[in-house]
Amino acid sequence: MDLIPGLPNEIALECLIRLPVDQFSKAASVCKKWNGEITLPEFRRRRKVSGLTGTVLAMVQSMVATVKKPEGDTALFSTQVYRLSVCDPENGSWYDLPPIPELIDGLPRFCRIVGVGSDLVVIGGCDPDTWRVMDCVFVYNFISGSWRRGADMPGQQRSFFGCASDSDRMIIVAGGHDDEKNAMKSALSYDAVKDEWITLPDMVMERDECKVVFHKGKFHVIGGYPTWAQGHFENDAEVFDTATWQWRLEDDFLSVINTSPHSCIEGDDGRLYMCRGGDVAVKEDPTWRKLAGLPAGITSVAYLTACQGKLILVGRGQFDELYSSYALDLDVESDGKVKKWTKVETPDEYSGHVQYGCCLEI
């Protein structure tokens, strides 16, 4: 059976790999032949070789509701119900992913999401009604447009952990705290292809609320704090080498003390970026330098990421209810002049708080 009647299969396949990302699931449901081709790992590899893959931003974002004021006006506000929203920077589109079948009333609070290949992996969090710590793993495949249950995260209860992937198949979960609020130095590895967890060697230090970044081919667990410090962030990092299966401590990694590392990310250029105070800084080993100030009026940053040669920031002002998105071009160095942020047009329903996010190349 031909993929497309009247066309050689090779040409038909060239047509399929050019479909927009948000149309893959619809195309996969057309017939078994299309589904078989689209869900093969070779399909994504072919798109990548042809230069057709694009980056999308996935976010754990609160839903926005409309409330009527006593004087008759209406206003928008960010609710406490979180769902997965997706932004495609290439065409400026925003859309929701279908809800997890077992969690139709909203995502777990403070869950982590990680992109691995064409999969978005949701790990842990707290039940939004009972606040029970969850160890469940759910995997959404952008190609098939479907959810599947992954193997539960093993070991004792773990909240506010760091999490990152190598974008291929390996995810590392590190630090956080247990059910008695004790900071943890244990770490786990999840193989997204085999759906298997492995216990890693313990880190040197306990690290609650740490940030994990895959940088220069190695997993970096940045900052966090031990039990006794409660909220006083360390400025060092631990680097895990998958070749030697060992951790290495890097002192003074952040250069400043008591700064949350939650905004630390790797850019497309391989450098690290982070919001510090009222600025965005870039790491130029071994020091950090100011790249630009925050967008005008922004006092609280919920999310920072890098995509297509730009930094994308989601934040709000001191008295704002909703969040705005901004982009900073990194491709053009402007002769020492301070770079300027541009506001990203965002539909009202996607102006809620962003709790966590990640990028995927699909």
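Residues take their numbers from the sequence shown, with the count starting at 1. Quantities reported herein were computed from a predicted structural model and do not represent experimental measurements.
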Distance only, no hydrogens: is a donor on one side chain within 3.5 Å (strictly under) of an acceptor on the other, for S186 and R158?
-> yes
Result for side chain to side chain contact (heavy atoms under 4.5 Å, CB included) between L120 and one of V86, L97, V114 points to L97
Heavy-atom count around Q23 CD within 6.0 Å, excluding the residue itself: above 12?
-> yes
Would a 4.5 Å heavy-atom cut-off, applied to side chains only, mark D135 and Q157 as touching?
-> no
Go through the side-chain N and O atoms of H353 and Y82 and say whether any donor and acceptor fall under 3.5 Å apart.
-> yes
Distance, nearest 0.5 Å, that separates OG of S93 from CG of D88 | 4.5 Å
Going by the ring pair (Phe, Tyr, Trp, His ring centres under 6.0 Å) test, which pairs reach into residues 18-38, not counting sequence neighbours?
-> F24-F43
Do the ring planes of W131 and F110 sit parallel (below 30°), tilted (30 to 60°) or perpendicular (above 60°)?
-> tilted
Which pairs with one or both residues in residues 169-224 pass ring pair (Phe, Tyr, Trp, His ring centres under 6.0 Å), sequence neighbours excluded?
-> F160-H177, Y190-W197, F214-F219, H215-H220, H220-F253
In residues 199-206, what donor-acceptor pairs under 3.5 Å come from side-chain atoms, sequence neighbours left out?
from : atom 1 : to   : atom 2 : distance (Å)
E206 : OE1    : T227 : N      : 3.0
E206 : OE1    : T227 : OG1    : 3.2

Salt-bridge criterion met for D195 and R149 (N-O under 4.0 Å) = no
Would you call R248-E250 a salt bridge at under 4.0 Å N-O?
-> yes
Inspect the contact between K185 and E238 and indicate whether a charged nitrogen and a carboxylate oxygen are less than 4.0 angstrom apart.
-> no
Could you tell me whether the side chains of Y350 and D96 share a donor-acceptor contact shorter than 3.5 Å?
-> yes
Are the charged groups of D119 and R148 less than 4.0 angstrom apart, N to O?
-> yes
Is the shortest distance from a Lys or Arg side-chain nitrogen in D279 or K290 to a carboxylate oxygen in the other one below 4.0 Å?
-> yes
Backbone N or O of F240 within a donor-acceptor pair of the K218 side chain at under 3.5 Å?
-> no
Atom CH2 of W245: over 12 foreign heavy atoms under 6.0 Å | yes
Can you tell if the side chain of D285 reaches within under 4.5 Å of the side chain of K283, non-hydrogen atoms only?
-> yes
Are side-chain N/O atoms of T53 and E361 paired as donor and acceptor at under 3.5 Å?
-> yes
Any ion pair linking R271 and E266 (charged N to carboxylate O, less than 4.0 Å)?
-> no
In plain terms, say whether R46 and E42 are close enough for a salt bridge, that is, a side-chain N and a carboxylate O under 4.0 Å apart.
-> no
